[in-house]
Each structure stands twice: as C-alpha cells, then as structure tokens.
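So you know, we letter chains A, B, ... as the sequences are listed, proteins then strands, and number each from 1. On a predicted model such as this, the values are computed, not experimentally measured, just so you know.
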Amino acid sequence: MCDNEKEEAANLKEEFEWVLREEVHSILHQLHTVLVECAHRFPVPLYGNEGQKQDKFILTSQPEQLKCIVTLTGDSITHADISFKVLRQMHTICRTSINQDGPWKLQQIQDAANHLQQAIGYIDNVDKHYVFRSSDEVLHIIQCLLGSLQRARTALVLPKKKAIDELMKSRNMKALSPNLPEDLAISFYIQSHKLIFVAYQLSSVHGTMRIDSCQADCAVPWLSDVLYMLTASLHMCQQLKDKLCVFSQYKDFTVGSRSASMVFN
Amino acid sequence: MPGTNLIVPVVLWGKYAPTHCISSVYLSRDQKTLVTGCYDGQVCIWQVEPETLKMTPRCLLVGHTAPVTCISRASIIQDNNFIVTSSEAGEMCTWDLVDGKCRESVKITQVHTNIQAYHMCNSEDLRLFCNGYYAEILIMDPFSLELMFSLSSKMNPDWISALHVLRPSSRKDDVVLAISITGTVKVWSLLGHENKQSEPIYENESKQIRCLNALSLNCCAHNQRTVLIVCAKYCQIYDAGDFSVLCSITAPAGERWMSGDFMATDRVLVWSTEGKGYLYKLPANSVPDHKGFHGPTVAHDSPVLYGMLAHPDNKLLSCPPAMRLVATSSGGKQRRLLLRGDSHGVVSLWSVDDSAPLTQTVVMEAREDSHGVVSLWSVDDSAPLTQTVLTHAPLVTTSLDAAWAAMAPRPVGVLDQMHAPDEPGQYPNHDPTCPQC
C-alpha cells in the first residue's frame, strides 16, 4: 500500500470511530426525541403520557346514506350514534348505538402504540455512555428499531382483514344496542390518518352470497402527526444504517484496531 | 413458501461458513437434535451425539423471510422428528427434521414472540400456546398450523408478554397463567372442549401488579406456589396465591435480564443479555416449605448468588445471544442444560446441575430436618459468596466456523473456483451440496 492509501485508510478508521462514539449516540438521541413526541400524540397512556384523551367525530356519506357520530376515548369508541339506509329498501333506516358499557375497541391504535413503545425501549436500553465497539452492534439495534417502527406504521396504514362471519361474531358487534339484524354488520377501523365506518349488507342472489357495503370516513388529526413522525424516524434510521454500511464493508474495523502511533500522528 | 409460484431453494455451500446470527435455539429432549434459528430467517439443524454432546451442522432450512423468533417441538412422541418455527413476519413452518422438508407452512397476521408446546388434558398431542404482538393467546395445532381456539381478555385487554400453561396437582384441568405488557396478571382455566366456534373465552381472574413489559413468567414446577417473573431490569418472585412480591433481584450493572426459571423450590437460574447465567438461592420468605414464607423481607436474608455460567473469553457480541433452559433425558439420565447461541453462530451448552455446587439433594435433606437447613444456609450465607462465586465454563462450545475449519478438504462453492485458479487439485468433490450429506 502506498502512503496515500495508508493515509486514506487511517482517516477512514478515524471517521468510523467518530461515527460510533459521537454520531450514533447523537442520532439515537434525536430519534428518541421524535419517538417520545410521537408517543405523546397518542390518546392512550404511553411513555409518560398520562390520561385518555377524548375526541368527537362525525362521519357522513353523500347522499345521506349513512351518518355516525362517534366519541373516541383512548383506543376505544365509547359512544356512537349510528344510522344508515338499508340498501334496496330505500325507506328503511337502521339505527343502533355504542355506549360506555360495550366500547368498540380499535385494536390498531393499541398495536401501533405498543410497537412504538417497543421502539423507544430499544433506544432506552442503550446507555448514553456506552461505547459501541463494532458497526454490527449498532446495525442490530437499528434493525430492531426499523422492525418496530415499520410494524407500528403498518398497524395504522394496513388494517387487518377480517372475514365477514368473524366480524359478525366479534365482541364489538355484540355490544351494539340494539343488536343489528342478522344480515347487517358494521365495522370501524383506521386506515392511514382516517377513521372509517362501514356498513355491510348480506344478501342472497340466486343462491350465492353477496355483500354490499357503504362507507364514510373522517380525518383524525393526531393520526396524521403520528404517521408523519413514524415516517420521519424510519427515514432517520435508514440514514444511520446507510452511514454504517459504508464502514461495514471493512470487516476488520473495530474500535481499537487502529494502531496507537496513528492516533498521535 | 405460501403463494402460487413454486420456489425451490437451493443451498450452495462455499469455502466459508454462512453468517448465522442466532435469534432462537432449541434442543430435543433426547439430546440428538439441536436447532438454531437466525436473524436472516434460516434455520440450522445440528446433529448431536447424546453422550458427548458433539454437534455437527447437518441442514440449513430456508423458508422464513424474517428473524426466527420461536422454535418448538411438535409432538410428545420422543422420536417424532418434527419441529415448528415461527418468524417475525408471521410465518410458521412445520419441518421434518430427517430430510429438512417443510411439511406445512402458513402466514398469519399475528406475529408470535413466544410459543409453549403443551399437552392438554383432553387432546391427543401437543398444542402450541402462542403469544405475541396481539391481544389474545392463540392455541394452534403444530401439524396443521390451524388455530384451535383463542383466549381473550375482559380486563385491560392488551398484548400478552409472557405465559405459562400448567396442570395444578390438585386439578384435572389446565390453567393458563399470563401477564400483559401493562402488568395485568390473568388466569384462564381450560376444560378441554374449547373450540373456534365457542363464545370468546375470557379470563377467570385478573389482577393488576406493578410489572411492565415482563419477558418471562414461570410457575415453580416443584410447588406450584411461587412464580418467577423476569423483566429487563429486575426479576421477582411472586406468591401465586395473591400475587404479592416476595423478593427481587436486580440485573448486574450493564446487563439486562432476558429470562429465567426455577431450578428447585429455593433456587432460580436467570440469564442476561450478556449471555451469562446466574444461579441464585432464594431467601426464606420466598420458599413455600419454609416457616418464614410470605413474611417480610429480612435485611440479612436476600437472594444469594452462588454460581455463574459464562464464557471464559467473553467475546464481543453484536447482539444479545438467544438462550434457553432445556430438560433432557438421554440413556436414563435426566439433565438440565442451558443453551446459548450467539451472533457469531457459536453454540454453547452448560449442564446446570453439574455446575451448581448446592443441588437438589441438599434441599431434600433440608426438608427432613428443617433446623439442619437453617444452619446449612447460614453457613453458606456467612461466607462472602459474592467474592467467591464460581464461574462455570460451558460443557461444549462449537460454531459453524469451527465445523467448517474441521473439514478437510473444505467445501467447494460454485464461485470459489474462479477465485483460486492457481490451486489445482483442491476440488475433489464437485457436488455443491451440503458437505455433511
């Protein structure tokens, strides 16, 4: 190796040590701030965020097919007045309600909150004064973080699909008062920053089952913030990962692998 | 894997061992098969000689696309060679250990973090009790990988962070003891006729305790009265009767607890993120046979560390190793082994009973003569044990790298031939498959 190459290698190693010593901790700290801020937007007790926040939403669809007034407390719909027109029987209006005794739980909110909590936990586990000794060590933590954050985001963006009979049997459906007729079902879920209400109607056409549905939605402000912060933190993780990957191609790079004479040069 | 296209994975072995950052470990009861799952989603089957515990990698199973989080046996039958693995992407596979074929695979929306295989009173074979990133406990069939039934919560429904299924000695039914991530302890009693169609099965009892994000929960098999709950910063012994804390052990500085279990009524083994096992003797107030049980914590009587299971070299790891305590039975000999698989693909095994200087026999003597115990214990306690704790090295240590190094000639990769054109005669074997097969 000629002198230039040696110098370049030495500089690269020095830079690598700086990344492990300073940069990783600083980025983890920034990430922590963003994620705690994100946790505080959740309406449920999460990471020092106490209390159950309450919000009211009105969901309607044109032309007046359905209307639904919802109170969201924490991760559950604690109150709702629901009315929708039954398809093909234009004059029948079906009414039902959700009350405090049988709240409709939006599992997606709890799932996202738990994944987020787990992500913050990965950063909390790293002591501020801990000295990272290899890029693999950091990459493992980033990988765990990326996994949790991705799952948190997915929980909100992609609602889990449920079979119609599963929905009809669900605890949420059974808590409606009055209960819906057998051929009707409703559902609440979150998709991205929106709360969505759907009414399903089952009918039999020439012996095959047919499902008609109509839906209404409304924007939930805190969900937009949460999704924005989750996306931003995923981006930060990816950037840190890319930074480390530059060095990880040099397998023999570990802290202390630089000879002492180079340090003082 | 599930899907309409047929994908045939082909594993080509090369000059160097594959990277294998282990995320889960498993050892069969007969000590013949060791299975390691890694963060890249591969599963490695190792052939173990039951007498010497010499391990040789035999097969690499490809199928999961995410870290392998759980490995479980599939049947109670000793020589039934099937295991179930599950990954962080929600994939579950049932593998035939003999030929490495995937017999069944599913992808579900619920991701498991823990699986306990358990033989329920009314079923012919094992059921998998799963918990993970969802609010229920799922009970699945290990061969069809179908959901049999699920357990729901009425009180503070939340993710279940740890569970333990057991059959109380006085009863014929099975009991599921679980704790949610927010610290609600729950108990379900199973009658054996639960099914998917039945109404939601809610917990029979629940109690809020001060314990967030538990990592493991184990009821003492010897007395079924005390419960060990391990959290990252501390682990605690609870009285199952009223779930009050009896004693607490803080994790060593710079380490976090991962899991643990009872070794005897008065002894626990807890292991940490540094890959070390710690053996503690419990204080009198945490041992049900003892007069002072459930009493207040006495200042001079706290948990005493009497043994450590650690690697002598303490090599730098890039992530906490996967560890598991297994009970084996080989050639009429019962053993308890602590397994560890680390980020370098190194597998090690400790025989816990051989390592522990004070073993069950002492406890037995103790029961006969309770005064003898007190004096025996005080002898132990008076010695400055914290300074004289014996550290035990693993019985066996091996790795994929070691297995590769031991092979002569080294396995040949397809591309390796291009790298070394000047070394003729190096490749007597052109079969690019597993060198062991």
Side-chain angles (χ1 to χ4, degrees), chain A residues 44-47 74-76 102-103 105 107-108 110-115 117-118 120-122 124-127 129-144 146-148 150-152 154-155 158-162 165-166 169-172 174-175 244 248 251 254-256, chain B residues 16 19 21-23 39-40 66-67 69 87-90 108-111 113 132-136 147 150 152-154 156-161 180-183 196-202 212-213 215 231-233 251 253-258 273 315-321 342-344:
Chain A
V44 294
L46 186 68
Y47 207 82
D75 58 8
S76 299
K105 189 169 169 196
Q107 188 58 46
Q108 289 171 274
Q110 188 174 53
D111 287 348
N114 285 346
H115 285 303
Q117 166 109 31
Q118 208 173 39
I120 300 175
Y122 288 126
D124 281 338
N125 281 340
V126 181
D127 189 274
H129 307 290
Y130 182 76
V131 183
F132 288 106
R133 286 161 298 179
S134 70
S135 54
D136 281 352
E137 222 179 342
V138 186
L139 285 171
H140 180 80
I141 295 169
I142 300 173
Q143 210 54 48
C144 294
L146 278 169
S148 287
Q150 241 142 18
R151 282 192 293 272
T154 308
L158 294 177
K160 286 178 186 169
K161 277 183 194 143
K162 239 183 197 174
D165 53 326
E166 214 177 314
K169 274 199 320 199
S170 75
R171 175 172 161 191
N172 287 335
K174 286 184 176 154
L244 284 158
S248 70
K251 282 283 172 215
T254 48
V255 171
Chain B
Y16 306 103
T19 55
C21 183
I22 297 174
S23 57
Y39 281 93
D40 297 331
T69 45
S87 84
E88 207 154 51
I108 55 173
T109 48
Q110 293 97 335
V111 175
T113 50
Y133 304 145
Y134 46 87
E136 295 87 25
L147 177 70
S150 61
S152 313
S153 301
K154 242 197 176 92
N156 310 327
D158 208 333
W159 292 1
I160 301 296
S161 57
S180 75
I181 59 168
T182 46
K196 225 168 31 175
Q197 273 68 44
S198 65
E199 292 289 301
I201 305 159
Y202 294 116
L212 293 176
N213 303 311
L215 297 163
C231 298
K233 286 183 181 144
E255 297 179 35
R256 280 169 284 122
W257 292 133
M258 287 202 291
T273 47
K315 208 172 150 195
L316 175 67
L317 298 176
S318 53
C319 65
D342 71 19
S343 59
H344 301 296

Gap separating the [atom1] atom of [X] from the [atom2] atom of [Y], nearest 0.5 angstrom:
X: B:T19; Y: A:D136; atom1: OG1; atom2: CG; answer: 9.5 Å
X: A:Q110; Y: B:I181; atom1: CD; atom2: CD1; answer: 7.0 Å
X: B:K196; Y: A:K169; atom1: NZ; atom2: NZ; answer: 8.0 Å
X: B:C319; Y: A:I141; atom1: SG; atom2: CD1; answer: 9.5 Å
X: A:N114; Y: B:Y133; atom1: CG; atom2: OH; answer: 10.5 Å
X: A:R171; Y: B:K154; atom1: CZ; atom2: NZ; answer: 6.5 Å

I'd like to check the ring-ring contact (aromatic ring centres under 6.0 Å, His included) partners of A:H140; sequence neighbours left out, ordered by chain and number. B:Y39
Which atoms form the tightest heavy-atom contact between B:R256 and A:N125, and what is the distance? NH1-ND2, 3.1 Å
Over 12 foreign heavy atoms within 6.0 Å of NZ, B:K315: no
Does atom NZ (A:K174) have a neighbourhood of more than 12 heavy atoms from anything else shown, all under 6.0 Å? yes
If I measure from the heavy atoms of chain A, does B:N213 come under 4.5 Å with its side chain, its backbone, both, or neither? side chain
Considering only heavy atoms, which portion of B:P157 lies under 4.5 Å from any heavy atom of chain A: side chain, backbone, both, or neither? both
Sort out for me which of [options] touches chain B most, counting heavy-atom pairs under 4.5 Å.
options: A:Q117, A:K105, A:R151; value: A:R151
options: A:H115, A:Q107, A:K161; value: A:H115
options: A:D75, A:L139, A:D111; value: A:D111

